[in-house]
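Taking it in order: structure first as structure tokens, then the write-up.
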Amino acid sequence: MPELPEVEVTRLSFADAIRGAIIEHVRLGKPLRWALGVDPRILYGQQVLEVRRRGKYLLLDLTDGLLLMHLGMSGSLAFRAELPLAGTHDHFDLITSQGGLRLHDPRRFGAVVFCLGEDDPRARKLLGGLGAEPLGDEFRVPDFHRALQGRRAPVKQVLLAGDVVVGVGNIYASEALYKAGIRPTVAAHRLGRVRVQRLHRAIREVLAAAVATGGSTLRNFSNVHGEAGHYQQQAMVYGRAGQPCYQCGSAVKTIRQGQRSTFFCPRCQRL
DNA sequence: AAAAGCCCCTGGATGC
DNA sequence: TGCATCCAGGGGCTTT
């Protein structure tokens, strides 16, 4: 579920509130994708210094370590002064002096992992291969172009892979390609400068717009206060198979790429 | 090195 | 109402 915009919206919704908090207790529910990796009591007494994001990972900087959090497909966080009794899918609680942070994740593809720092082998393994931050200055057209030149896979799948650019998931990949007028099936290396430039711009615009509207809420996503996002209402192609393209009226098509659905307009996205 | 498949897990929607 | 099937916002790991 959560792509970069949802993760960023989540981060923004509690970073200020938790900054400076002292961890008092940890409650673990059912196992997530990966184990925490340490005795939870290691966290007790540590202070939460900052909340950052790298791709779809949230990074909680602690006094003496780093907590990596991932929301997987169905995860969401809640942060409130007092956490209610844990429900069936509440699998991680971080009780602090300033409130409780809770991970709710029905499918349990999410994870919370403790690392000593970003140089910790565990952190390097998860973060080391990530591509450029699409909303950051390091995401530049020439680099993007060069990276795409080395890929023969369909551009949609290269975007999803996350080693060229991070944070673009299944919704925003389709949306960005639509905005750029590029067919999702085109081999990445066949894109010329102009197309790459358009795609670069489209990715940034789509992600920024999604953050601004609180992300997309398809099922359960909400920020830390339980507020849903609205970007799905302005999706041009995602989830609109068979419906008329807003620009040209052609029926939006859906195909399978790497066991994921892709949506595009056959007329507006010719190459 | 890159690409393609396979899984992990639960729940909701759809069809019979 | 019950049951089977398919699909879902991710991504690490293994195999080609």
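Proteins get letters first, then strands, A, B, ... in listed order; numbering begins at 1 in each.
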If the P atom of dG5(B) is compared with that of dC7(C), how far apart are they to the nearest Å?
16 Å
Contacts of D163(A) meeting salt bridge (charged side-chain N to carboxylate O under 4.0 Å, His left out) (sequence neighbours excluded), chain-then-number -> R151(A)
I171(A) side-chain proximity, nearest of dG9(C), dT10(B), dA3(B)
dG9(C)
Between C1' of dG10(C) and NZ of K156(A), the distance in whole Å
12 Å
Nucleotides 11-16 of chain C: protein proximity per nucleotide (B base, S sugar-phosphate only, - neither; heavy atom, under 4.0 Å):
BBS---
In this structure, is the centre-to-centre distance between the rings of F144(A) and F139(A) below 6.0 Å?
yes
Check DNA chain C for consecutive Watson-Crick or G-U pairs with both distances under 3.5 Å and list the runs of at least three as stems.
B:2-8 with C:10-16, B:10-16 with C:2-8
Closest to the side chain of S216(A), out of dA4(B), dG9(C), dT10(B), is dG9(C)
Nearest-Å distance for atom pair OH/P, residues Y238(A) and dG10(C):
8 Å
May I have all residue pairs that pass salt bridge (Lys or Arg N to Asp or Glu O under 4.0 Å) and include part of residues 164-193 of chain A, sequence neighbours excluded?
K179(A)-E205(A)
In whole Å, I'd like the distance from the CE atom of M73(A) to the C1' atom of dC7(C).
9 Å
Aromatic centroids of Y172(A) and Y231(A) separated by under 6.0 Å:
yes
Between atom CD in E6(A) and atom P in dA8(C), what is the gap in whole Å?
16 Å
Under a 4.0 Å heavy-atom cutoff, the residues of residues 104-115 of chain A touching DNA chain B are P106(A), R107(A), R108(A), F109(A)
Just compare dA8(C), dG11(B), dA4(B) and give me whichever is closest to any side-chain atom of S261(A).
dA8(C)
Running the 4.5 Å side-chain criterion over Ile, Leu, Val, Met, Phe, Trp and Tyr, what cluster does I95(A) land in, apart from itself?
L83(A)
